[in-house]
Colleague: 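I have a structure here, written as structure tokens, and I will follow up with some questions on it.
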Amino acid sequence: MDTQYEGGNKGDPVQITEDEAAVYDRQIRLWGLEAQQRMRNATILVIRLRGTATEAIKNIVLAGIGKLVIYDSEEVKEEDLGAGFFFRDEDVGKQRVDAAKARIEALNPLVTVQALRHPTLLEQGSLEALIMSVDLVCVTDWDREALIKINDICRQFGKPFYAGGTFGLLGYVFCDLLKHDYISPDRSAPKEAPKNVKATASYSRLSMALQHRWTGLTKRQTKELNPAVVHVILALWEYQHKHEGKLPDDMDAASELGPIANSIFATSDVNRQVLTSVPLDLIDAMSTSAAHEFSPTCAVVGGILAQDILKALAAREAPIANFFTFDGNTGGGSVCRMNM
């Protein structure tokens, strides 16, 4: 397998053929030929192949993007088999990208798949060149510092950035789409007026979003945003930072994770009529489960991640703005605008 990326000019836009139009007929009817054309010409980089990524990859490949570049330097482990449906028992010990590539290609032969696994590709110079060669970057199940670093490079070169992942029954999707133009339905327009209007959203990078304060929200608004889940996810990132990338995996971690979560909570100005501290039962649950993948959680979060990537490429509806969280305990999700 070639471990080098293909940089440089991607050439003129590729036109959708009649055969492709037949394959994507239902989608073209849904969001139009122009939107499908944008997907067809998009090159997407996905970094790290765990459960969330496999679900997202399935959906964006079936939707008909032009090229998928996958990067992962790790081997398939037994625990990957539960949520990573590109992997089989016989793949344990093989490189993740090698095991997954043929199965991804089989989903949609019209999509070009390039697999990369050399660790040096994430070094500064190589990573910059790799990001420059694609149209959108998606990083899954990575630590906070790496997400911030990659997001900042994407900002430097004007590339949209997505991050997503799961911690047991909790999951998140974050996006930084820079300044994003899209077509929005105008439900207030009179019958004879155009039904759609052009809209623009300005996003913030992850490092800025993490400085978000909840000041000024009503009780109802605060409840809808589910601040407990948001703060536990932020606490898990801080725990990872303190433990060289490792997530909590037993009840002993609760004595450290709880104070981290409540320290972040104390400085974020959450409405105290709704929540006075991060619930202890949620801390306990994350202390034992955050390091593990659950297939249903990965399916939901990966599905939302893929749907929003396609929405951003199609520019037909407003994407997530800008931090989505999913709580598998209740089956509910919410979107928090963090410093937008």
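For this chain, numbers begin at 1 and follow the sequence in order. Every heavy atom of this structure was used, including side-chain atoms; hydrogens, water molecules and symmetry mates were not. None of the values given here were measured: they were computed from a predicted structure.
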Colleague: Are L280 and I260 joined in one hydrophobic group, where the rule is that I, L, V, M, F, W and Y side chains link up if heavy atoms are under 4.5 Å apart?
Modeller: no
Colleague: Has R213 got a side-chain atom pairing as donor or acceptor with T267's backbone, closer than 3.5 angstrom?
Modeller: yes
Colleague: To the nearest 0.5 Å, what is the distance between SG (C138) and CD1 (I150)?
Modeller: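 Spacing of SG (C138) from CD1 (I150) equals 10.5 Å.
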Colleague: Does NZ in K77 sit with more than 12 non-hydrogen atoms of other residues, nucleotides or ligands closer than 6.0 Å?
Modeller: yes
Colleague: Using a 3.5 Å distance criterion without hydrogens, assess whether the side chain of K159 forms a donor-acceptor pair with backbone atoms of V134.
Modeller: yes
Colleague: Starting at CE of M338, measure out to CH2 of W214 and round the result to the nearest 0.5 Å.
Modeller: 7.0 Å
Colleague: Would you call L247 and Q240 a side-chain contact if the rule is heavy atoms closer than 4.5 Å?
Modeller: yes
Colleague: Looking at L225, is its backbone amide N or carbonyl O close enough to the side chain of S334 to form a donor-acceptor pair, meaning the two atoms are under 3.5 Å apart?
Modeller: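 Looks like yes, one N/O pair under 3.5 Å.
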Colleague: Under the criterion side chain to side chain contact (heavy atoms under 4.5 Å, CB included), which of I44, L45, V97, I47 is the partner of I70?
Modeller: V97
Colleague: Does some side-chain heavy atom of H243 sit less than 4.5 Å from a side-chain heavy atom of P248?
Modeller: no
Colleague: So does T166 get a backbone contact from the side chain of D141, meaning a donor-acceptor N/O pair under 3.5 Å?
Modeller: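 Yes; judged by distance alone, with no hydrogens or angles, the pair exists.
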Colleague: Evaluate the criterion side chain to side chain donor-acceptor pair (under 3.5 Å) for residue pair Q114 and K67; output intermediate values, then yes/no.
Modeller: CA-CA 8 Å; Q114 184 179 10; K67 181 177 180 180; 3.1 Å; yes
Colleague: To the nearest 0.5 Å, what is the distance between CG (L305) and CD1 (I57)?
Modeller: 9.5 Å
Colleague: Going only through I, L, V, M, F, W and Y residues with side-chain contacts under 4.5 Å, is there a path from V173 to M208?
Modeller: no
Colleague: Salt bridge (charged side-chain N to carboxylate O under 4.0 Å, His left out) with E224: which residues, sequence neighbours excluded?
Modeller: R220
Colleague: Are side-chain heavy atoms of F326 and V229 found at a separation under 4.5 Å?
Modeller: no
Colleague: Should we count CD of E244 as having more than 12 external heavy atoms under 6.0 Å?
Modeller: no
Colleague: Would you say K311 has more than 12 foreign heavy atoms packed within less than 6.0 Å of its NZ?
Modeller: yes
Colleague: Walk me through it: do T200 and D181 pass the test side chain to side chain donor-acceptor pair (under 3.5 Å)?
Modeller: CA-CA 4 Å; T200 301; D181 297 326; 2.6 Å; yes
Colleague: Is any side-chain heavy atom of V230 closer than 4.5 Å to a side-chain heavy atom of F323?
Modeller: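 Yes. Closest side-chain heavy atoms under 4.5 Å.
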Colleague: To the nearest 0.5 angstrom, please state how far the CG atom of L136 sits from the OG1 atom of T43.
Modeller: 10.5 Å
Colleague: In the structure I gave you, are the side-chain heavy atoms of K179 and Y203 within less than 4.5 Å of one another anywhere?
Modeller: no
Colleague: Test of understanding: with side chain to side chain donor-acceptor pair (under 3.5 Å), list the residues that count as partners of D152, not counting sequence neighbours.
Modeller: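 Result, side chain to side chain donor-acceptor pair (under 3.5 Å) vs D152: R205.
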Colleague: Should side-chain heavy atoms under 4.5 Å link Ile, Leu, Val, Met, Phe, Trp and Tyr, which residues sit in the same cluster as L169?
Modeller: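 Noted: L169 shares its cluster with F294.
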Colleague: Does a side-chain heavy-atom distance below 4.5 Å link D249 with H292?
Modeller: yes
Colleague: Just wondering, do L313 and I309 contact through their side chains at under 4.5 Å, heavy atoms?
Modeller: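 Yes, at least one pair of side-chain atoms sits under 4.5 Å.
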Colleague: Say whether, by atom type as modelled, one donor and one acceptor occur between the side chain of S202 and the main chain of L178 under 3.5 angstrom.
Modeller: no
Colleague: Under the side chain to side chain contact (heavy atoms under 4.5 Å, CB included) test against P160, which residue among V137, D176, L177 passes?
Modeller: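 The passing option is L177.
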Colleague: Side-chain contact, heavy-atom cut-off 4.5 Å: N151 with V139?
Modeller: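 Side-chain contact under 4.5 Å: no.
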Colleague: Just say parallel, tilted or perpendicular for the rings of Y172 and F167, cut-offs at 30° and 60°.
Modeller: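 Aromatic pair Y172/F167 classed parallel.
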Colleague: If you measure from the Lys or Arg side-chain nitrogens to the Asp or Glu carboxylate oxygens, is any gap between R117 and D72 under 4.0 Å?
Modeller: no
Colleague: Just how far is it from atom CD of E105 to atom NZ of K101, taken to the nearest 0.5 Å?
Modeller: 3.5 Å
Colleague: Can we say E75 and K94 salt-bridge, meaning some charged N sits less than 4.0 Å from an Asp/Glu carboxylate O?
Modeller: no
Colleague: Per the side chain to side chain contact (heavy atoms under 4.5 Å, CB included) rule, which among I148, I264, N339 passes with L210?
Modeller: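 The single option meeting the side chain to side chain contact (heavy atoms under 4.5 Å, CB included) with L210 is I148.
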Colleague: Would the distance check show the side chain of S289 and the main-chain N or O of G168 forming a donor-acceptor pair, the cut-off being under 3.5 Å?
Modeller: no
Colleague: Find the distance between CG (N322) and NE2 (H212) and round it off to the nearest 0.5 Å.
Modeller: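 Going from the CG atom of N322 to the NE2 atom of H212 covers 9.0 Å.
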Colleague: If we ignore hydrogens and angles and just use 3.5 Å, is the side chain of N108 paired with the main-chain N or O of V61 as donor and acceptor?
Modeller: yes
Colleague: With a 3.5 Å distance limit and no angle check, can you tell me whether S133 reaches the backbone of L130 through a side-chain donor-acceptor pair?
Modeller: yes
Colleague: Using side chain to side chain contact (heavy atoms under 4.5 Å, CB included) as the criterion, list what pairs up with A318, not counting sequence neighbours.
Modeller: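 Once residues adjacent in sequence are excluded, the partners of A318 under the side chain to side chain contact (heavy atoms under 4.5 Å, CB included) criterion are Y182.
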Colleague: Y162 side chain to D308 main-chain N or O, any donor-acceptor pair under 3.5 Å?
Modeller: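 Answer holds: yes.
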Colleague: Hey, does the side chain of D91 reach the backbone of R88 with a donor-acceptor pair shorter than 3.5 angstrom?
Modeller: yes
Colleague: Given T222 and N271, is the side chain to side chain donor-acceptor pair (under 3.5 Å) satisfied, shown in steps?
Modeller: CA-CA 7 Å; T222 304; N271 190 321; 4.5 Å; no
Colleague: Mind checking salt bridge (charged side-chain N to carboxylate O under 4.0 Å, His left out) for K58 and listing every partner two or more places apart, or none if nothing turns up?
Modeller: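 Scan of K58 (salt bridge (charged side-chain N to carboxylate O under 4.0 Å, His left out), adjacent residues dropped) gives E55.
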Colleague: Does the side chain of H231 pick up a donor-acceptor pair with the side chain of N262 at under 3.5 Å?
Modeller: no
Colleague: Report the residues that fulfil salt bridge (charged side-chain N to carboxylate O under 4.0 Å, His left out) with E238, sequence neighbours left out, ordered by chain and then residue number.
Modeller: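 With neighbours one apart ignored, the set is R144, K242.
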